[in-house]
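Report on one structure; see the data block that follows.
Within every chain, numbering begins at 1; the chains are lettered A, B, ... in the order of the sequence lines, protein sequences first and strands thereafter. All values below come from the heavy atoms of this structure, side chains included, with hydrogens, waters and symmetry mates left out.
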Amino acid sequence: MKGNSYLARKLHSLLGVVPLALFLVNHAITNYSAFEGGPEGFNESVEMLNGLPLIFFLEIFGIFLPLIFHGVYGLYVAYQSNWNNSRFQYGRNWAFTLQRLSGVITFIFIVWHVYQTRYQVLIGELTHEQLGHQMHEIFTNPVSVVLYTIGVLAAVFHFANGMWSFLVSWGITVGPRAQRISSYIWMGVFVIVSALFLLSIAAFRSDEFAETAAAVRTWIG
Amino acid sequence: MATETPVKAGKTVKFIITRQDSPEAAPYTEEFELPYRPNMNVISALMEIQRNPVKTDGAKTTPVVWESNCLEEVCGACSMVINGKPRQACSALVDKLEQPVRVAPMSTFPVVRDLVINRERMFNALKRVKAWIPIDGTYDLGPGPRMAETKRQWAYELSKCMTCGVCLEACPNVNDRSSFIGPAAISQVRLFNAHPTGEMNKAERLETLMEDGGIEGCGNSQNCVRSCPKGIPLTTSIAAINRDTTAQLFKNWLSF
């Protein structure tokens, strides 16, 4: 690869945390409002996010471009590694392989998910208020529920383990004890953020979202 | 005791060795069955094959070629993959190995012949990062600054590196698709940057690791630290140098 791969790799690592990790956690909390507050709660959260100032630029520079760079460069990083888990069955080596595998799964999942949601809003097929219903529609297909569960768990694992690696790659957790404690913390974060996403999947499947969708449809209709 | 250790009748050990006739040739395996002797290691087994190069099927073959030197795990010459793990053949005791013993070259490196590999990239890496302390002058420079004993204790652990290449063989990111320099040289940068005189060239070493083919290829699989025959805290070294290179990055950006 031409140019300085140190800077590219550092940028890749930084973008994974700011903004992507922040976005993922925010996304988990937003979705969780569907579980906690039903369609009303979810729509309120969506409205609140879309009410942020300079939302257009936030989406472009805060999500879209970092995601493209992190995703595409990440595929290159995954391509560069020779997985050797059959020879070295250590926990961290499994995490290394899973990090790359979950990255690729997350990349495919995000393309699909953005197509189903944000892209439909962009081309005018959906409004922000209909997103909850759209998720309900998607989840009427059990295959989608399974694929979303896999996608979400891959994304959250990639985030949690990526945070662990970030702390090593920037020299924040240096010694083995610091790295061990860090791994416990991020394992906990993985469980909590996964739970938020899985609960919101369950919430979107409930009839509540079908009803509001019907209401919205007649109202628009 | 002048008497030779008696060979237990019938007891043998089996070896399956991955061989390669030349750098470009395709590798193949050959099986050997040797008389067991107490306390034999992989090197003494290879010596036995050298004396009597006959395969299990009775056919004669060429003696297996390997490299070894100190025979006490301090020189790093006899690194090979034994039962799937890269390690020193001299300290690989046959009594502690599963049968048949599978021996292969560390193929992350160019294979010269059979078990002999070319570790030149490691020595080039040490040259690139200037893994030495420049003390030459045109006159007597006098004694250098003293090193704190607490620092010397951990720096000594890093100085045990024998450039054996086991950490590079264990690393999933050392391969021809990646330019990663490998754990050993990074740990040596930490060692020479820790030295009070070596520290005077600290920035130079760090900046080499911040170029293409430097530290950036580390993916934190941490196989290196689990594999190092000398127990060197390689991942601690890498994280410490990650910290130093990050600091150097901002220093360079903000200083002009």
Heavy-atom count check: over 12 atoms from other residues, nucleotides or ligands less than 6.0 Å from A:R205 CZ? no
With a strict 4.5 Å heavy-atom criterion, list every residue of residues 89-125 of chain B that contacts chain A, or say none. none
Residues in residues 90-115 of chain A that sit under 4.5 Å from chain B, counting heavy atoms only: A:Y90, A:R92, A:N93, A:F96, A:R100
Shorter than 4.5 Å, heavy atoms on both sides: which option in B:V174, B:N173, B:N242 has the most such pairs with chain A? B:N242
What distance separates A:S144 OG from A:I138 CD1, expressed to the nearest 0.5 Å? 6.5 Å
Between B:L209 and chain A, with a heavy-atom cut-off of 4.5 Å, which part of the residue counts as in contact: side chain, backbone, both or neither? backbone
Contact origin within B:V225 toward chain A - heavy atom pairs under 4.5 Å: neither
For the aromatic rings, using the six-membered ring if either is Trp, is the centroid distance between A:F197 and A:Y148 under 6.0 Å? no
Output the option from B:R226, B:R177, B:Q222, B:E211 having the highest count of non-hydrogen pairs under 4.5 Å with chain A. B:R177
Would B:D244 and B:N193 count as a side-chain hydrogen bond (donor to acceptor under 3.5 Å, both in side chains) if you check the C-alpha gap in whole Å, the side-chain angles of each, and the deciding distance to 0.1 Å? CA-CA 10 Å; B:D244 292 348; B:N193 282 359; 5.1 Å; no
Distance (rounded to the nearest 0.5 Å) between B:N175 CG and A:S81 OG: 7.5 Å
Kindly determine whether B:E31 and B:K14 satisfy salt bridge (charged side-chain N to carboxylate O under 4.0 Å, His left out), including the steps that lead there. CA-CA 7 Å; B:E31 284 187 48; B:K14 281 184 184 161; over 6 Å; no
Under a 3.5 Å cutoff, is there a donor and acceptor pairing between the side chains of B:Q153 and B:E149? yes
Take atom NZ in B:K151; do more than 12 heavy atoms of anything else shown fall under 6.0 Å from it? yes
Would you call the rings of A:F139 and A:F204 parallel, tilted or perpendicular if under 30° counts as parallel and over 60° as perpendicular? tilted
Value rounded to 0.5 Å, distance of CD in B:E216 from OG in A:S13: 12.0 Å
Between chain A and each of B:N83, B:T245, B:L249, count heavy-atom pairs under 4.5 Å; write down the option with the most. B:T245
Would A:E47 and A:N50 satisfy side-chain hydrogen bond (donor to acceptor under 3.5 Å, both in side chains), going step by step from the backbone distance to the final call? CA-CA 5 Å; A:E47 237 171 79; A:N50 283 294; over 6 Å; no
Side-chain touch B:L191/B:Q188, heavy atoms, less than 4.5 angstrom: yes
For side-chain hydrogen bond (donor to acceptor under 3.5 Å, both in side chains), just list the numbers for B:E207 and A:Y6, CA-CA rounded to whole Å, side-chain angles, deciding distance to a tenth of an Å, and then say yes or no. CA-CA 10 Å; B:E207 279 160 12; A:Y6 177 81; over 6 Å; no
Does some side-chain heavy atom of A:V145 sit less than 4.5 Å from a side-chain heavy atom of A:I201? yes
Consider only side-chain N and O atoms of B:Q88 and B:S79, and report whether a donor and an acceptor are under 3.5 Å apart. yes
Whether over 12 other heavy atoms sit under 6.0 Å from B:Y156 OH: no
Is it the case that atom NZ in B:K85 sees more than 12 heavy atoms from other parts of the structure closer than 6.0 Å? yes
By residue number, those in residues 170-178 of chain A with heavy atoms under 4.5 Å from heavy atoms of chain B are A:W170, A:G171, A:I172, A:T173, A:V174, A:G175, A:P176
With a 4.5 Å heavy-atom cut-off (strictly below), which parts of residues 231-240 of chain B touch chain A? List them by number. B:T235, B:T236, B:A239, B:A240
Relative to chain B, which of A:F88, A:Y79, A:W83 shows the most heavy atom pairs under 4.5 Å? A:F88
Under a 3.5 Å cutoff, is there a donor and acceptor pairing between the side chains of A:Y32 and A:E36? no
Pairing of A:E59 and A:R118 as salt bridge, 4.0 angstrom limit: yes
